[in-house]
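Encoded as structure tokens, the structure appears first; notes follow it.
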2 protein chains.
Amino acid sequence: MAEAELEEQEREEEDYRLDGEVVDAILQATEDNDATRLAALMEPLHAADIADLLEQVSGHERRAILRLWGREIDGDILTEIDESIREEVIASLPPEVLADAVRELDSDDVVDLIEDLEEPQQAQILGALDEPDRMAVEKSLSYPEHSAGRLMQREVVTAPAHWSVGQTIDFLRKAEWLPDQFYHVILVDPAHHPQGNVTLGRILSASRALKLSEITEPEFRTISVYQDEGDVAYAFNQYHLISAAVVDDDERLVGVITIDDAMAVLDEEHEEDILRLAGVGDDSSISDTVLETVRQRLPWLMVNLLTAILASGVISIFEGTIQKLVALAVLMPIVASMGGNAGTQTLTVAVRAMATKSLTESNVWRVVRREAIVGLLNGLAFAVVMGVVASFWFSGPHLGIVIALAMVINLVVAALSGILIPLALEKLGADPALASGTFVTTMTDVVGFFAFLGLASVMLL
Amino acid sequence: MAEAELEEQEREEEDYRLDGEVVDAILQATEDNDATRLAALMEPLHAADIADLLEQVSGHERRAILRLWGREIDGDILTEIDESIREEVIASLPPEVLADAVRELDSDDVVDLIEDLEEPQQAQILGALDEPDRMAVEKSLSYPEHSAGRLMQREVVTAPAHWSVGQTIDFLRKAEWLPDQFYHVILVDPAHHPQGNVTLGRILSASRALKLSEITEPEFRTISVYQDEGDVAYAFNQYHLISAAVVDDDERLVGVITIDDAMAVLDEEHEEDILRLAGVGDDSSISDTVLETVRQRLPWLMVNLLTAILASGVISIFEGTIQKLVALAVLMPIVASMGGNAGTQTLTVAVRAMATKSLTESNVWRVVRREAIVGLLNGLAFAVVMGVVASFWFSGPHLGIVIALAMVINLVVAALSGILIPLALEKLGADPALASGTFVTTMTDVVGFFAFLGLASVMLL
């Protein structure tokens, strides 16, 4: 690279992140119908930032940008575009632009691009691929959704273990194609069973005469093609893998997964956890339309309405009691709210521990016991505080004693449901994050109202 | 590697994850005081799994394992051990074991190991290092916490851009030391300014005569040594980086960050987000003691108690109204609960979008407007449902109309506070996840009770 080019590159570093001024300039150029200026503004942007830009502008602005500049869209940009607008963008592209864009991609990127598309768009993209690439993609699509088989790329660099470093380098220099990024040469036997990894750094620093089998990594893990992608991401993070060989049922090498894909999965899994805990559809995106958003959120609000009516039913049992002592209506939401909060705390820690596999058979009962004790201690602390507050507020100790007792009961119940409900969901094969929040707060509302009003009707009337 | 060793390796793959039976066998061997059997059981385990094991067993069991087997602990295991038990484990090790363990680590791992330790333990570990390593670690510790400077390793492989591939390979073969893992050769000018990256794959596959400057990567990004680690992780994920050069204020190369470290940071950032949203201290761990857990959770429960009392204060304004119509006490938690849920949904999507930088100046008002419309539509839907339910439940349309109106008001307020509160926190320089949940539910409780009871006292009495 010439000195001038290097300087050019250094200047580009300044364009590190999509900033507001650039976006404004792009929208202005679009509004002015100035294709040349638009192209000049888009040119220095990274594919991922262009994808973000298309996601963040309004639908109207997006269509205008695509009309003026859509022919410049390449494979890298397509793979970065969020699912919520992917179909729309693909549909807007001229067939030859789309064909060129997908032809430059590795097989795993094509799979990622088309797996959620409708049949006709899928067929259009598959049709644009060369025969061997199309077969590779179709093979990957034959593996279950969210499996290692969907995530892997089929382009793999392998060598027999008996090769020398020199032989390997000569082979790589002559290779007709190589993946864009690869970090290991995978050693395979004649039946294509993977046997070890050699890092490129070791190959580069070893003398030509050394055999590959003498410089393999001390550890080597393979991943089954049917393994869930969440487990794959966990393994990469846990064992600091950079790339991992993927094998079929006969332990034959069928592909390789690299850490950048695993990192993207880890990010998605977290997104799912956090959205599910809040009762939001896990494919929510900031660029969804109003109707999509309503569709995602309404079902969980409906579930919440049913459980809230259930809790109201508990209150209605005690209508007579409240009639006699209206202070109960004032205080009862406090007991329920504290239970809901404490339960959510426990639930979140439990769901997170389950995601990182740190809540296991060997410590589950100790953790449950600890949560129960924590619930009891927090319950006692807030029983004292709230007991004193209520006694002063309603001039007399009776209400204070009732709310103190109800607080202890509800915080212990909150702690236990916060951990036992996600555990039960996991035992049943469901995602522990899914709907846990609703179940836990239903429990703490019902128990909170029942304990407080029930104790009041027994002790005060 | 001989064929037999390869087979040995393949069998080790079976020990993929820490399973319950292995843990049981380890605890049994520990109880039997059988050091030989314990060592044999631990030997095939990965350092990360051993660290998890020590975290998951009880304090008593952990001390027994460390007594029998602690001398085997090496640097890899130490760096994997969770902060919650790190001090305890380090304190239990004989000084010479600790010294050997830390001497084998790269500088970034030593920094990660000691940055949260108390002064005396820090000094003990620094004292065990060789002079140049100690200086490297001390230099890294001089950068702010959570900065790129703390995350990077100082061991970097560089070459001048004018070198040929052959020269570079010869240099690497002669190099006295090389990092365990490296993925790029960083091109530097004589003043040590980084100018580009060459992947090891390109070096391996290019002919010896080519210059490095002819095979640099098309894109090159550097990271400031003061950049926040969260932003570093974002950049790795967004731009699919594998390693990135870190530069000081004079744009001089001072270190390199690799993707495995960035992935670990991404994972921690998510953990913080999810725990903060639930009002749990963000250093919570499943292996915390009861007292630590109480200490982490009590402050947020206290905040919640204050806000719950505030909401109760709103109810007490309407004591007279409730006295006359006790059905209000039955229905009022429904309005508050629906608002709290809808607000949490919006909040979670907003916090997540802010973490992934997809909520920006260019779309923020469109997103706020969308949330308000979604709140209105959901409010109208549940106004109809709840209006009908209440009319039948309390035989007459009046309560139904009141709860329907209150529902619309509260769901719009929920939507707006769900997005405006985290935005305001970020503007103020606070973490948008922190305490947002409490603020949002306070808002929806207060507005929910006030709207419902206020409308009731105006319209029904």
What distance separates A:Ser312 OG from B:Met332 CE, expressed to the nearest 0.5 Å? 9.5 Å

Rounded at 0.5 Å granularity, tell me how far CZ in A:Arg173 sits from CD1 in B:Ile203. 10.5 Å

Taking the side chain as C-beta and beyond, is there a heavy-atom pair between [X] and [Y] under 4.5 Å?
{"X": "A:Val157", "Y": "A:Pro179", "value": "yes"}
{"X": "A:Phe382", "Y": "B:Leu298", "value": "yes"}
{"X": "B:Leu241", "Y": "B:Ile259", "value": "no"}

Just so I understand: if I count every heavy-atom pair under 4.5 Å between each of [options] and chain A, which residue has the most?
{"options": "B:Met338, B:Gln323, B:His240, B:Arg202", "result": "B:Met338"}
{"options": "B:Leu331, B:Ile309, B:Leu359", "result": "B:Ile309"}
{"options": "B:Val280, B:Thr438, B:Asn341", "result": "B:Asn341"}
{"options": "B:Val23, B:Val294, B:Leu301", "result": "B:Leu301"}
{"options": "B:Thr344, B:Asn378, B:Asp260", "result": "B:Asn378"}
{"options": "B:Thr360, B:Ile373, B:Thr199", "result": "B:Thr360"}

Hey, which of [options] has the most heavy atom pairs under 4.5 Å with chain B?
{"options": "A:Met386, A:Gln181, A:Glu361, A:Glu371", "answer": "A:Glu371"}
{"options": "A:Ala206, A:Ala175, A:Ala264", "answer": "A:Ala206"}
{"options": "A:Ile169, A:Leu172, A:Asp273, A:Val330", "answer": "A:Val330"}
{"options": "A:Ser316, A:Gly20, A:Ser358", "answer": "A:Ser358"}
{"options": "A:Leu200, A:Asp267, A:Leu53", "answer": "A:Asp267"}
{"options": "A:Leu377, A:Val385, A:Val389, A:Val326", "answer": "A:Val326"}

Can you sort out the partners of B:Arg369 under salt bridge (charged side-chain N to carboxylate O under 4.0 Å, His left out), two or more places apart, ordered by chain and number? none

Side chain, backbone, both or neither of [X] within contact of chain A (heavy atoms, under 4.5 Å):
{"X": "B:Thr289", "answer": "backbone"}
{"X": "B:Phe171", "answer": "neither"}
{"X": "B:Leu328", "answer": "neither"}
{"X": "B:Ala262", "answer": "both"}
{"X": "B:Val290", "answer": "both"}
{"X": "B:Gln296", "answer": "neither"}

Heavy-atom cut-off 4.5 Å, strictly under: side chain, backbone, both or neither for [X] against chain B?
{"X": "A:Phe449", "value": "side chain"}
{"X": "A:Ala355", "value": "neither"}
{"X": "A:Asp24", "value": "neither"}
{"X": "A:Leu277", "value": "side chain"}
{"X": "A:Met302", "value": "both"}
{"X": "A:Leu178", "value": "side chain"}

Can you say whether the rings of B:His270 and A:His270 are parallel (under 30°), tilted (30 to 60°) or perpendicular (over 60°)? parallel

For A:Glu55, check side-chain contact (heavy atoms from CB on, under 4.5 Å) against everything at least two apart and list the hits. A:Asp52, A:Asp82, A:Ile85, A:Ser285, A:Ser287

Heavy-atom donor-acceptor pair, B:Thr216 side chain to B:Leu212 backbone, under 3.5 Å: no

Donor-acceptor check, side chain of B:Glu214 to backbone of B:Lys211, threshold 3.5 angstrom: yes or no? yes

Any salt bridge between B:Arg297 and B:Asp288, counting N to O under 4.0 Å? no

I'd like to know whether A:Glu269 forms a side chain to side chain contact (heavy atoms under 4.5 Å, CB included) with A:Glu271, so could you lay out the CA-CA distance, the side-chain angles of the two residues, the decisive distance to 0.1 Å, and finally the verdict. CA-CA 5 Å; A:Glu269 296 271 315; A:Glu271 171 141 336; over 6 Å; no

Does A:Glu319 have more than 12 heavy atoms from other residues, nucleotides or ligands lying within 6.0 Å of its CD? yes

Pair B:Asn304-A:Ser337, side-chain donor/acceptor within less than 3.5 Å: yes

